[in-house]
There are 2 protein chains.
Amino acid sequence: MATMRDVAMAAGVSSSTVSHVLNGTRRVAPDTADRIRRAMEALDYQPDDTARSLRTRRSYTLSLLVSDISNPFFSALVKGVEDTAQASGFRLLICNTAEDVSKESAYIKSLLQRRVDGIIISPAGEESQAVEELLGRSVPCALVDRVVPRLAVDAVLSDNYAGAYEAVKYLLERGHVRIGVVLGLMHLSSTRERLAGHEAALRDRDLAPDPALLVQGKSCIDGGAAACNALLEMADPPTAIFTLNNLMTMGAAGVLLRHPKRRCPQDVSLIGFDDSPWADITNPPITTVAQDPYAIGAAACDLLLARLECGAAAPSKVVRIPTRLVERESVGSARPHKTPHGGKEVRGSEQAGSRRKAKPNR
Amino acid sequence: MATMRDVAMAAGVSSSTVSHVLNGTRRVAPDTADRIRRAMEALDYQPDDTARSLRTRRSYTLSLLVSDISNPFFSALVKGVEDTAQASGFRLLICNTAEDVSKESAYIKSLLQRRVDGIIISPAGEESQAVEELLGRSVPCALVDRVVPRLAVDAVLSDNYAGAYEAVKYLLERGHVRIGVVLGLMHLSSTRERLAGHEAALRDRDLAPDPALLVQGKSCIDGGAAACNALLEMADPPTAIFTLNNLMTMGAAGVLLRHPKRRCPQDVSLIGFDDSPWADITNPPITTVAQDPYAIGAAACDLLLARLECGAAAPSKVVRIPTRLVERESVGSARPHKTPHGGKEVRGSEQAGSRRKAKPNR
DNA sequence: CGGTAGAGTGCAATCGATTGCCGCAATCGA
DNA sequence: TCGATTGCGGCAATCGATTGCACTCTACCG
C-alpha cells in the first residue's frame, strides 16, 4: 500500500507538504495541492491511522463496555453510541463484561494500551475501582445505565426513580396494594433507584413497603421466572408484580402465560421496567415503563465527545433520560381483596378484557 | 505514561532487552529479566499498542460489519464473535451498515486505514464489490449469514435451505397446502436459499409454488405486519404463513394476536425462520426454525483467526450451521379445505389447543 | 535600495515499539 | 591452545505519519 512518501515522490514534493494538504494544516499553493491530490488518487493512497495515532496520541476510537450486548436494552444502546460516534468520525470498540468486575478491569487495561480516546461504560461493580482508575489517569469517560456513587463523572441514565414511581402509582390507582417486586442485581444503582421509586410511591399512599414482597433472582429470563413463581406461591400472594428489568419481565411473562391457575391480568397484573418490541405481542401485551436506550447511548456519546473537546476541567454532567409508561393489557383492577382499603382504591380503570381489540399495530 | 525506554533505564538495560522480555523473543538471563519485570511493575508500564502495530503491521483488532446490531439475531452473533476474538487476544471493532452498500464501503475504507487484521461481514449488496475489493487487497475476511456468489471466501451460514424445507414439510404434514410466504430482502442469499427450500418442499409433494402467495415487504416488524395483512386479505388466503426472518415474524405475530377474525393457530398457522426468546411467550408461542447466531459468530471468528494463521493460500471454507425446528403452538392442522388433497395430508399432528399446559419454562 | 512581511516549502526530529546485526565473554571440543 | 559454539545484550534502523524550525522567493514600503 502506498505511503505518504510515495505520494510525495510522485508529486515531486516533500512528505510534509503532503501531510499539510491532507490535513489542511497550512497554506499550500493551489497547483501543488492539485498535483498532490492527483498523486493520492493515482496511487490509491490511504493514510495509515496507526502511524498517525502514534504521533498525535489520538486514535479516533471510542470504546463501549457493556455487560451483555445481546440484551436488547444494551444492543439498542450500542446502536445509539455507534451511530453517534460514526457521525463524528470515531470508530467503536465493543467489549462484553458479563457483569464481571475482573473482566472489566482486563478490558480497560487493554483499551488503554490501545490508546482509545474515551470510554463509555456501564460499570459492573458497586464501587468500580476500574472507573476510579480511569478518572485517575484522566481518561475521558462516561457512564451509562448506572452510576458509581461519589464519583464526579459524566453519566446518562434513565429517570429510574420517576419511572418506577409512575409504574407503582399506576398499579395503586387500580387498587393494587400488595405489589410483588422482582429485583435485579441490588448492587446496581439502577435497581436501587427503581426500588426507591417503588417505595416512595407506596409511602405517598401511606402504605408501608413489605420486604416479604421483594424477591431477588438472577438477572435473566430464568431468574425472572423463578422470582415470579416464588411470588405466586406465597401464602398471601401479591395482586400485581413489578419486574425491574426486561429479561426478568420476559421470564415473568412466560410463567404467567402458562400458569395453571393464575391468569394475567384477571388474577395477577404485571408491569415491567424497560420496554421491548416483543412486549407488544405477548399474551397479554405487557404494560411497561419504556426506557430509551438508543437515546441513552447517543447522549452518552455526545457527552464523551464534548469532554474530548473541553478537557477534564469542565464539571461533570449527569443526564437523565425520561421514561414513558406504555399502557398495554397486563394490568387489571385488583379484585376486591381482604385488605380493608382495597375496594376504595379502585377507580375507573380500563377493564383489561378482550385482547382482540382492533388496535393499530404498535 | 511510562515507555519502554523508561523501563530500560530503570532496569539498566537497553530497550531491546525489555522488548525481548516482554515478548519472549530471545533468551534473557533470569536475573536481568527479573529486574526488568520489577521495573515494569514499579513504573506501571503498559506497552503502547499503537507503536507496536505500526512496527509489526498487526493491530490485533478484528472488525465486524453487520446491518443492524439491535436485531437480536445479529446481537447474538456479535456476542459470539466478541467472545471468540477476546479469547484469542483480539479486540473487536463494530460497525453498523444498515444494509447500505455505500456505508459499507465507507466503513471498509476506514477500517483498512486502521489496519485491522481481519473483517467479518454480513454483506449488504448482492454483488458486494466491497468484499471483492477486500479479497483483492488480500485482507483476511469471513462472511456471515449471507454469501456473495462466485467469490471464494470463508463463510458461515445457517443451513437455510434445509431449515426452510423442514418448516414447510412440517406445515404440509399438517395439511397446509396454501402457504403464504413473507419474504425479506430478495437480494440476500439467505432469503433466496430459504425460498428455495420452501419451493423444494412443495415440489417434493408435487405441489406447484404459487407466486401469488409470496409477499415481500420491508424487512422489519412493520414490514412483516403489512405483509401478513396482505396475505390475510387475499380472496383465497393461505392457511399457514411462513415468515422468513425474525423481525417479520414478530410483525406477523402482532397482527395475528389482534386480528378481529382470523385466530392463530385455529384459522391461520404461523411458522417463522429464526428463533428468539420472546417467541416462547407470545400468544400463541411461535413455532420457529431456530438458528444459532452465537455459533455462527463464533465459527466465523474461528475461521478468520485460522486464516490469519495460514494466509490467503488455503482454500476457502463454507461452514453451514444446522437449524432446529422448535415446535410450539402456532401451527395447527389445516381445516378441511376445498383443496381436494387437503384431508388426506392431515396426519396425527398435535392439537394446538390449550395454551396453558404446565410445561417447564424453556 | 535595504528591510520586512508573507507565501510556499523542505529538513529532520519525533512518537514507542520491533528486530537484524554485531560484539563480548564463557564454555566446549579437538 | 585455538577455533567454534552458545548465552547474553546493545546499537541503530525502521514502521508512516506530524510538526517545529528554517529557508527561499516575491512583493511592497519608506
Side-chain angles (χ1 to χ4, degrees), chain A residues 1-37 39-40 43-61 89 109-117 137, chain B residues 1-40 43-61 89 91 109-117 137:
Chain A
M1 188 170 278
T3 74
M4 184 170 268
R5 222 186 174 65
D6 300 329
V7 174
M9 308 220 64
V13 295
S14 78
S15 55
S16 51
T17 304
V18 176
S19 171
H20 285 115
V21 166
L22 196 61
N23 301 308
T25 35
R26 81 179 176 194
R27 298 194 53 86
V28 171
D31 54 342
T32 313
D34 270 5
R35 215 160 3 105
I36 290 174
R37 269 188 278 268
M40 286 179 172
L43 296 173
D44 189 25
Y45 169 70
Q46 312 277 51
D48 184 322
D49 276 347
T50 305
R52 193 204 296 259
S53 298
L54 175 60
R55 184 58 224 252
T56 62
R57 323 297 300 150
R58 302 203 61 183
S59 62
Y60 284 92
T61 303
K109 194 168 158 186
S110 145
L111 292 172
L112 290 180
Q113 293 187 196
R114 206 89 190 63
R115 300 282 185 265
V116 294
D117 294 330
R137 292 174 187 256
Chain B
M1 188 170 278
T3 73
M4 184 170 268
R5 219 182 177 68
D6 300 329
V7 174
M9 307 220 65
V13 295
S14 77
S15 55
S16 53
T17 305
V18 176
S19 170
H20 285 116
V21 166
L22 196 60
N23 302 307
T25 36
R26 81 178 175 193
R27 297 193 55 85
V28 171
D31 54 342
T32 313
D34 270 5
R35 213 158 5 104
I36 291 176
R37 268 188 278 268
R38 272 199 303 277
M40 287 180 173
L43 295 174
D44 189 24
Y45 169 70
Q46 312 277 54
D48 184 321
D49 276 347
T50 306
R52 192 204 297 258
S53 297
L54 174 61
R55 184 59 225 250
T56 61
R57 324 295 301 146
R58 302 203 63 185
S59 61
Y60 284 94
T61 302
R91 277 152 321 283
K109 195 168 155 186
S110 144
L111 293 171
L112 291 180
Q113 293 187 196
R114 205 91 191 65
R115 300 283 185 267
V116 294
D117 293 331
R137 293 174 186 258

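Here is the naming used below: chain letters follow the sequence lines, and residue numbers restart at 1 for every chain. Just so it is clear, the values below take in all heavy atoms, side chains as well, and ignore hydrogens, waters and symmetry mates.
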For residues [X] and [Y], report the shortest heavy-atom separation together with the two atoms involved.
X: D6(B); Y: M1(B); answer: OD2-O, 4.3 Å
X: A39(B); Y: A10(B); answer: CB-CB, 4.1 Å
X: Y60(A); Y: D117(A); answer: N-OD2, 2.6 Å
X: T50(B); Y: L54(A); answer: CG2-N, 3.2 Å

What are the residues of [range], sorted by number, that bring a heavy atom to within less than 4.0 Å of DNA chain D?
range: residues 1-10 of chain A; value: T3(A), M4(A)
range: residues 11-23 of chain A; value: S16(A), S19(A), H20(A), N23(A)
range: residues 43-57 of chain B; value: L54(B), R55(B), R57(B)

Gap between atom [atom2] of [Y] and atom [atom1] of [X] - 0.5 Å precision:
X: R114(B); Y: S59(A); atom1: CZ; atom2: OG; result: 5.5 Å
X: T17(A); Y: R35(A); atom1: OG1; atom2: CZ; result: 9.5 Å
X: Q113(A); Y: Y45(B); atom1: CD; atom2: OH; result: 8.0 Å
X: R91(B); Y: S110(A); atom1: CZ; atom2: OG; result: 3.5 Å
X: L22(A); Y: M4(A); atom1: CG; atom2: CE; result: 5.0 Å
X: T32(A); Y: H20(A); atom1: OG1; atom2: NE2; result: 14.0 Å

- prompt: Do the non-hydrogen side-chain atoms of R52(A) and P47(A) ever get within less than 4.5 Å of each other?
  reply: yes
task: Could you tell me whether R58(A) atom CZ has more than 12 heavy atoms of other residues or ligands within 6.0 Å of it?
output: yes
query: Does anyone know the first and last nucleotide of DNA chain C in reach of chain A, 5' to 3', at under 4.0 angstrom to a heavy atom?
result: dG8(C) to dG16(C)
task: Given side-chain contact (heavy atoms from CB on, under 4.5 Å), test D44(B) with R137(A) step by step and report yes or no.
output: CA-CA 12 Å; D44(B) 189 24; R137(A) 292 174 187 256; 2.6 Å; yes
- prompt: Partners of R37(B) by side-chain contact (heavy atoms from CB on, under 4.5 Å), sequence neighbours excluded?
  reply: V21(B), A33(B), D34(B)
- prompt: Does a distance-only test, which skips hydrogens and angles, find a donor-acceptor pair under 3.5 Å between the side chain of R26(B) and the base of dG10(D)?
  reply: yes
- request: State plainly whether the residues R57(A) and D48(B) are in salt-bridge range, i.e. N to O under 4.0 Å.
  value: yes
- line: Double-helix bend of the helix from dC1(C)-dG30(D) to dA30(C)-dT1(D), axes at both ends from 5 pairs, round to 10°, gives 50°
